[in-house]
Amino acid sequence: MARHLITSALPYINGIKHLGNMVGSMLPADVYSRYLRQRGHDVLYICATDEHGTPAELAAKEQGIPVAEFCAQAHDAQKAVYDGFALAFDYFGRSSSPQNREITQHFARRLNENGFIEERAIRQVYSPTDGRFLPDRYVEGTCPHCGYDKARGDQCENCTRVLDPTDLINPRSAISGSTDLEVRETKHLFLLQSKLQHEVEEWVAAHEDEWPQLASSIARKWLTEGLHDRAITRDLDWGVPVPSDTWPELAAEGKVFYVWFDAPIEYIGATKEWADAAPAGETRDWKSWWYESDATVRYTEFMAKDNVPFHTVMFPATELGIREPWKKVDYVKAFNWLTYYGGKFSTSQKRGVFTDQALSILPADYWRYFLIANAPESDDSSFTWEHFTATVNKDLADTLGNFVNRVLSFSKKRFGEEVPAGAEAGPAEARLGEEIAGLLAEYETQMEALQFRKAAAALRALWSAGNSYLEEKAPWLEIKTDPEAAALTLRTAMNLIHLYAVVSEPFIPSSSAAMRQAFQLKDDSATWVSAEEARALTSVPAGTPFTVPPVLFAKLTEEDLEMYKERFGGDQG
C-alpha cells in the first residue's frame, strides 16, 4: 500500500479557532487520514501550532506573561479542543520547537549559499519610546481609506485594504501606544523569489491539472502577477533567530525570520518532533517522509484559500531554491469560506461559533458530520442554525440514529439479546446487498477523489438504504404472521448497522465505535467492508450477543434552535 503524508494548515497560536478554520483544513484532513488508514495505507498526519509573529507577542503582552509561556498555554488549549473533535493527528507539534529552528536555519543557509537571499537596507518605523523597530502589526492607526481607527500596519480589518505602516493616519505603537514614531533605515534579509519564478512556473505546470480548480487558479494568478523578492526577517523578540554564523550583524540586532518563512518548514520540523518523541524501543524515520521520497510518498495538503499562495508558490520556491531533494506537495485540497449567515467568521471580533463553544453544546460527531457534509469546496457555504438543526435531525437523528435504535430495540423485545437466526436470505436481501455494494463503491470513489460533500451524500444514501429495506420488509408486521421472516429482516438490519459502524468512522468516529460495540463479536478486527461482504451482509452471525446503545443523536428542538440563535446571533452578517 502507498505511504501518504498529510498536513493541514497550521492554526495560529492566538486564540481558539472557529468552525470555518476547522472545516477549511484540519477536519477534512482527519477524515481523509482515517479513511486511508482503514483502507490499509501507511499514513502520517502532521500538524502544529504556528507560534511566531506579532500577534503572539501582542497577546502575551496583553495578558502580562512571557510570550513563550503564552504560546505553551495556548498550544495546550488548542490541542484539547482538537482532541475533543477527535482529530487523530500522528503528531501535533509547535513551530517554536528546536527542530523547526534547526531546519529553518538550515534552509536559510542553503538559500544564501545558492544566491537566493540578499541583505537589503529598508526604511522602517522606529519607536524611540519602545527602543525598537516596529514590524507592520506593531503599528496601529486610522485607515486612510475607510476611517477605521484600529487598522494595523499591514491591513485594515474593516475594509480589508492592504496597507503600509506609513499609510496610517495618526500612527501609534501597538506596544506602548506612543505616537512618537520615526522612520529609520535598517537591514533585512530578502528571499529572491524573482530569480525562482521560472522554476516555480514549471513546477506548478507539472501539478496544477491534478489540483482542484480553486488551488490551481490562485497559484496561476500569483505567477501571472509575478513573484517579488520578499523580506523574510523581522524585528521581533520571538521567532527563529537569524543564525549568527551566517549573518552575525543581523543576529546581533536580534533579527528573526518572518513567520511565513518558518511556518511551512514546521511541517518538516513537526515530523522530526514526532520522530524524536518516539517511545523507548521504537524508531521513527522522519526523513524518509520528506527527503528523496518523491517515488515513495504521496503528499496531500489541506487548507483554506487564503493559505494557497504560500503553499503553492512561496514555499515551493523556498524548497526549489535550497537545491536539496525535499518532498514537495503532490495534491493541494483547497477550500472556500464557511460563512456565518453570509458574513465572515471573525476571531478578533468573536463573530460566529468557535470550536470550544461548539463542543460545549453538542458532541463532536454532530459538528464533524455537518461540516463535512456542507464543506465549502466548489464555493462558499453558509452556516446557519436552521440548516444545522435540520441536517442533524434529518440525517443523524432520523436516518441513522433512529434506524439503529428501532432495529436493536425491537429485536431485543421480540427475540432477546442475541442476533436472531431466522430464515435464509431471499430476493429482498439480494437486492439490498447489490444496492449497498454499489453505494459503497460510490462512497469510496468520492473519498479517493477528496470530494467530501459527495462522499457525505453517498454515506447518507447508505444509511437511507437501510431505512428503505426496513420499510419494505416491515418486521413489526412480519412478526405477526412469520417470525422467521421478521428475524431475517432484523438480522440483515443488524449487519447493516455493523457495516455503517465501519464505513462511517471517518465522519463520526465516536458514534461508529458505539455502533460497533453494540455487538459483542469475539473478533471484530474489520477495518473496511469489501464489495463481497457488502453483498452478503453476514459479518454479524446469528447468536451474537448485543446491547442497545444509548441514543446516538438527539433531535434538536425549536427551543434548542432559538437558544442557539439567541446566544450566537442569527440572520446576520
Side-chain angles (χ1 to χ4, degrees), residues 8-9 11-12 14-28 31 81 85 143 145-148 150-152 155-162 212-215 217-218 221 302-309 333-362 364 366-396 451-454 456-457 460 556-573:
S8 50
Y12 195 67
N14 191 13
I16 299 298
K17 304 307 155 192
H18 54 66
L19 295 182
N21 297 127
M22 178 61 69
V23 74
S25 57
M26 290 174 284
L27 180 55
V31 170
V81 172
F85 266 85
C143 175
H145 303 288
C146 70
Y148 181 60
K150 294 183 178 61
R152 299 188 304 256
Q155 186 178 34
C156 174
E157 188 180 63
N158 186 57
C159 70
T160 73
R161 296 286 288 270
V162 175
Q213 193 273 335
L214 177 63
S217 63
I218 292 173
K221 179 177 183 292
F302 290 79
M303 68 198 67
K305 59 186 176 183
D306 58 331
N307 283 323
V308 168
K333 178 61 177 179
F335 290 87
N336 288 283
W337 302 127
L338 176 71
T339 66
Y340 185 73
Y341 284 90
K344 286 185 177 180
F345 282 84
S346 173
T347 300
S348 60
Q349 296 184 20
K350 305 297 182 185
R351 183 171 60 238
V353 187
F354 289 75
T355 48
D356 56 343
Q357 298 170 329
L359 293 177
S360 73
I361 297 170
L362 291 166
Y366 290 69
W367 302 103
R368 288 177 63 101
Y369 176 78
F370 174 83
L371 291 171
I372 293 296
N374 297 280
E377 292 178 294
S378 59
D379 51 20
D380 291 350
S381 61
S382 178
F383 178 92
T384 71
W385 286 108
E386 291 82 359
H387 188 200
F388 176 74
T389 300
T391 300
V392 167
N393 288 348
K394 183 176 183 294
D395 294 356
L396 296 178
Q451 293 295 315
F452 291 102
R453 294 180 74 149
K454 292 179 180 178
R460 187 186 311 121
L556 304 181
T557 66
E558 285 294 325
E559 289 76 14
D560 293 327
L561 173 60
E562 292 306 314
M563 178 180 65
Y564 300 150
K565 291 176 65 176
E566 182 178 352
R567 177 176 173 183
F568 296 99
D571 302 322
Q572 62 181 11

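These values consider heavy atoms only, across backbone and side chains, with no hydrogens, waters or symmetry-generated copies.
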*Asks:* Is the closest side-chain donor-acceptor distance between Glu559 and Tyr564 under 3.5 Å?
*Replies:* no
*Asks:* Using only atom types and a distance under 3.5 Å, with no angle test, would you say the side chain of Glu566 pairs donor to acceptor with the backbone of Met563?
*Replies:* no
*Asks:* Evaluate the side-chain proximity of Pro11 to Asn21: yes if any heavy-atom separation is below 4.5 Å, no if none is.
*Replies:* no
*Asks:* If we only count heavy atoms from C-beta on, is the Thr339 to Phe345 side-chain gap below 4.5 Å?
*Replies:* no
*Asks:* Between Asn307 and Ala9, which heavy-atom pair has the shortest distance, and what is it?
*Replies:* ND2-CB, 3.5 Å
*Asks:* Testing the basics here: between Phe568 and Ile361, what is the closest heavy-atom pair and its distance to 0.1 Å?
*Replies:* CE1-CD1, 3.4 Å
*Asks:* Drop me the distance from Leu561's CG to Thr389's OG1, to the nearest 0.5 angstrom.
*Replies:* 4.5 Å
*Asks:* As an exercise, state the distance from OH of Tyr341 to NZ of Lys565, rounded to the nearest 0.5 Å.
*Replies:* 5.0 Å
*Asks:* Drop me the distance from Asn158's CG to Lys150's NZ, to the nearest 0.5 angstrom.
*Replies:* 10.5 Å
*Asks:* Report yes if the side chains of Arg453 and Ser381 come closer than 4.5 Å at any heavy-atom pair, otherwise no.
*Replies:* yes
*Asks:* Tell me whether the centres of the aromatic rings in Trp385 and Phe388 are closer together than 6.0 Å.
*Replies:* yes
*Asks:* Please identify each residue that fulfils side chain to side chain contact (heavy atoms under 4.5 Å, CB included) with Thr355, with sequence neighbours left out.
*Replies:* Ile16, Leu19, Met22, Val81, Phe85
*Asks:* Which heavy atom of Val353 sits nearest to which heavy atom of Tyr340, and what is that distance?
*Replies:* CG2-CE1, 3.9 Å
*Asks:* So how far is it from Met303 CE to Ser25 OG, rounded to the nearest 0.5 Å?
*Replies:* 9.0 Å
*Asks:* Answer whether the closest heavy-atom distance between the side chains of Leu371 and Leu338 falls below 4.5 Å.
*Replies:* yes
*Asks:* Is the NZ or CZ atom of Lys333 positioned over Phe335's six-membered ring, under 6.0 angstrom from the centre and within 45° of the axis?
*Replies:* yes
*Asks:* Hey, mind stepping through Leu214 and Val308 against side chain to side chain contact (heavy atoms under 4.5 Å, CB included) and telling me if it holds?
*Replies:* CA-CA 9 Å; Leu214 177 63; Val308 168; 5.6 Å; no
*Asks:* Measuring from atom NE2 of His18 to atom NZ of Lys344, what distance do you get when rounded to the nearest 0.5 angstrom?
*Replies:* 10.0 Å
*Asks:* Where is the tightest heavy-atom contact between Cys143 and Cys159, given as atom of each residue plus distance?
*Replies:* SG-SG, 3.8 Å
*Asks:* Do Asp306 and Trp337 come close enough that some side-chain heavy atom pair is under 4.5 Å?
*Replies:* yes
*Asks:* In Å, rounded to the nearest 0.5 Å, how long is the span from CG of Asn374 to CZ of Phe452?
*Replies:* 14.0 Å
*Asks:* Less than 4.5 Å apart, side chain to side chain, heavy atoms only: is that true for Leu27 and Val31?
*Replies:* yes
*Asks:* Using side-chain heavy atoms (C-beta onward) and a distance below 4.5 Å, is Lys305 in contact with Asp380?
*Replies:* yes
*Asks:* Would you confirm whether Lys17, through its side chain, and Gly15, through its main-chain N or O, come within 3.5 Å as a donor-acceptor pair?
*Replies:* yes
*Asks:* Tell me every residue that passes ring pair (Phe, Tyr, Trp, His ring centres under 6.0 Å) with Tyr12, counting only those two or more places apart in sequence or in another chain.
*Replies:* none
